[in-house]
Amino acid sequence: MTATEEPGPHDGYATDVAELCADLLRIDTTNPGDGSGPGERQAAEYVAEALETAGVRATLTEPRHRRTSVLARIDGENRELPPLLVHGHLDTVPAEPRDWTLHPLSGDLHHGCLWGRGAVDMKGTLAMTLALVRAWARTGQKPRRDLVLAFLADEESTGEYGSRHVTTAHRDHFAGVEEAISESGGFSITTRTTPTGPDARVYPIAVGERGTAWMRLTAHGTAGHGSGPGQDNAVAELVHALSRLTTHRWPTRLTPAVRTLLDALDQTLGIRIDRDRLEEEANRLGGLGELFDCTIRNTLNPTVLTAGHKVNVIPSHAHAEVDGRFLPGEQHTFVETVDRLLGPKVTREFINCEEAVAADHEGPAFNAMAEAIRGQDPHAHTVPFIQSGGTDAKAFAKIGISTYGFAPLLLDPHMHYYAMFHGVDERVPLSGLEFGVRVLHRFLTAY
């Protein structure tokens, strides 16, 4: 696993990005989504101090106690170009220490990787950004265009105290911005083009994400004694409705970006991916298959069930929460289908509903990202993909900003990148972070 050295401010990359990432991993910013976490204040203050030492003025914004985001701006060489937004989130999902090899707040360097909750999602990326800003401060270099920075709270919930807050209360901070980069793209997936040839690496750049429909379902029935016939049982109604939802076969639909992805994989791998058997093909292709297996159709998964309080009492209500995701342009059809499958005795309300978002996978920004990666890795093949989950990109899309998932990482061929997201033993290779800083430097000073 090698990469090309890019001329630029390399001195201190390794030390700086490692220290920044480790420090951020040791700050607890877990966000359970119910307001019980420690908040992002400590991490926000750390980021603000790191920016201030690089001569970049930082502003903290806190709509709720300790739910804190950081905003900043860096002048570019060409002030006539539209600014570019670089955004990321400070919070993480919770982790159970007893399940981990190393403590999820350790930030330890072990077998070449920095370990901790948020290493991939996404404190490693924040560290790359900060390391690059500080390198520029040492050398006097600048990005080509103005950079607008946003280090945000609450992405792991609804973004109410983070991206949604800053795009309303601090709308002027993003004036003139049309494009952004953030998490979940630009990482390497190694494949071998021939049995004896060199390894080729596919680097997917996210150009959109499915829409989000988090829903709370309520089944209504008649309360009674558990020994009765139970002909109007809310729990049974809910279970039947969930069975209909989870067994429903959503039709396959290929968006333009997914079509481009499949065509690019055909060319890179020297094979033909069967468009009529995409689920089987995704399983066959392993890590590459994960780039499209969740973005060829809508999906819906039950995640929470609550009902009753005593074994011999039939409750009058039963509740479930479900995570629905829909393709671009599919929201109306998706909701109609859900309502039909639920039936007359189960009602639905949205916990969170956001439209799918997309960026141009054929435009100059995507091409510049691809060039920056190829400048560091001559064996790189860049492809567009649609993220199966959701990010703060949805909030920024509402104010006219298109976000690309571009957090470049050169990974060990055996590292399962997606397993790191919200998983046990989350970690990121230090060499991968150093590679990412070089790629970001190349992209931000050229585009």
Side-chain angles (χ1 to χ4, degrees), residues 31 33 40 59-64 67-73 82-91 121-122 125 145-185 205-216 255-257 295 298 323-335 349-361 363 365-366 384-407:
N31 180 7
E40 298 86 356
T59 300
L60 300 185
T61 178
E62 189 174 278
R64 184 174 178 178
R67 306 309 306 276
T68 317
S69 298
V70 186
L71 302 177
R73 191 180 186 106
L84 179 76
L85 170 62
V86 180
H87 67 87
H89 61 91
L90 297 163
D91 61 326
D121 185 20
M122 62 173 295
T125 306
R145 63 184 70 211
D146 287 3
L147 294 186
V148 173
L149 305 180
F151 299 79
L152 301 164
D154 203 32
E155 190 272 348
E156 297 293 0
S157 184
T158 63
E160 179 181 357
Y161 304 118
S163 57
R164 292 182 183 178
H165 166 70
V166 300
T167 52
T168 53
H170 298 275
R171 178 66 180 85
D172 290 347
H173 182 68
F174 306 98
V177 176
E178 300 171 357
E179 296 172 318
I181 60 171
S182 189
E183 62 180 308
S184 302
I205 297 172
V207 296
E209 53 194 51
R210 293 188 300 172
T212 300
W214 293 348
M215 295 172 282
R216 182 177 292 108
T255 62
T295 56
N298 304 326
D323 184 340
R325 310 285 173 144
F326 53 88
L327 298 175
E330 289 277 307
Q331 180 174 348
H332 180 72
T333 301
F334 177 83
V335 173
E349 61 180 315
F350 286 116
I351 300 171
N352 187 41
C353 185
E354 295 179 293
E355 184 54 273
V357 297
D360 185 1
H361 66 280
F366 184 93
F385 84 113
I386 303 296
Q387 295 190 61
S388 60
T391 72
D392 285 327
K394 288 185 170 67
F396 289 108
K398 292 176 182 176
I399 62 171
I401 300 173
S402 299
T403 296
Y404 294 87
F406 187 64

Donor-acceptor under 3.5 Å ([X] side chain, [Y] main chain):
{"X": "N352", "Y": "W214", "result": "no"}
{"X": "E178", "Y": "P82", "result": "no"}
{"X": "R164", "Y": "T158", "result": "yes"}
{"X": "H173", "Y": "A72", "result": "yes"}
{"X": "T295", "Y": "S388", "result": "no"}
{"X": "D154", "Y": "S163", "result": "no"}

4.5 Å side-chain heavy-atom contact, I386 and V207: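 Touching, per the 4.5 Å side-chain cut-off.
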Spatial distance of atom [atom1] ([X]) from atom [atom2] ([Y]) [nearest 0.5 Å]:
{"X": "I181", "Y": "L147", "atom1": "CD1", "atom2": "CG", "result": "8.0 Å"}
{"X": "M122", "Y": "E183", "atom1": "CE", "atom2": "CD", "result": "5.0 Å"}
{"X": "K398", "Y": "T167", "atom1": "NZ", "atom2": "OG1", "result": "8.0 Å"}
{"X": "E155", "Y": "H89", "atom1": "CD", "atom2": "NE2", "result": "3.5 Å"}
{"X": "T61", "Y": "H170", "atom1": "OG1", "atom2": "NE2", "result": "3.0 Å"}
{"X": "M215", "Y": "F350", "atom1": "CE", "atom2": "CZ", "result": "6.0 Å"}

Determine the minimum heavy-atom distance between [X] and [Y], stating which atoms define it.
{"X": "E355", "Y": "G329", "result": "OE1-N, 4.3 Å"}
{"X": "A150", "Y": "L85", "result": "CB-CD1, 4.1 Å"}
{"X": "T255", "Y": "P328", "result": "CG2-CD, 4.0 Å"}
{"X": "G389", "Y": "E209", "result": "O-CB, 3.4 Å"}
{"X": "C353", "Y": "Q331", "result": "SG-NE2, 3.3 Å"}
{"X": "F366", "Y": "P384", "result": "CZ-N, 3.8 Å"}

Could you check S69 against H165 for side chain to side chain donor-acceptor pair (under 3.5 Å), going step by step and ending with a plain yes or no? CA-CA 9 Å; S69 298; H165 166 70; over 6 Å; no
Over 60° means perpendicular and under 30° means parallel, so classify the ring planes of F174 and F396, tilted if in between.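 The rings of F396 and F174 stand perpendicular, inter-plane angle above 60°.
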Basic-acidic side-chain contact under 4.0 Å: R67, E40: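 A salt bridge links R67 with E40.
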N-O pairing of E179 and R145 below 4.0 Å: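 Salt bridge: no.
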Check the pair R171, I399 against side-chain contact (heavy atoms from CB on, under 4.5 Å), reporting the backbone distance first and the verdict last. CA-CA 8 Å; R171 178 66 180 85; I399 62 171; 3.6 Å; yes
Carefully, step by step, assess H361 and I205 under the rule side-chain contact (heavy atoms from CB on, under 4.5 Å). CA-CA 9 Å; H361 66 280; I205 297 172; over 6 Å; no
Hey, are T68 and E62 close enough side-chain-wise for a donor-acceptor pair under 3.5 Å?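 Result is yes, a qualifying pair exists.
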Have H87 and T403 got a donor and an acceptor in their side chains that come within less than 3.5 Å?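 There is such a pair between these side chains.
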Sole candidate of D392, L90, V70 that passes side chain to side chain contact (heavy atoms under 4.5 Å, CB included) when paired with L152: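 When side chain to side chain contact (heavy atoms under 4.5 Å, CB included) is applied between L152 and each of D392, L90, V70, only D392 qualifies.
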Residues forming a side chain to side chain donor-acceptor pair (under 3.5 Å) with Y404, sequence neighbours excluded: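 Y404: no side chain to side chain donor-acceptor pair (under 3.5 Å) contacts found.
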Verdict with supporting geometry, R64 and E160, side-chain contact (heavy atoms from CB on, under 4.5 Å): CA-CA 10 Å; R64 184 174 178 178; E160 179 181 357; over 6 Å; no
Could you go through L327 and N298, starting from their C-alpha distance and side-chain angles, then the distance that decides it, and tell me whether this counts as side-chain contact (heavy atoms from CB on, under 4.5 Å)? CA-CA 6 Å; L327 298 175; N298 304 326; 3.7 Å; yes
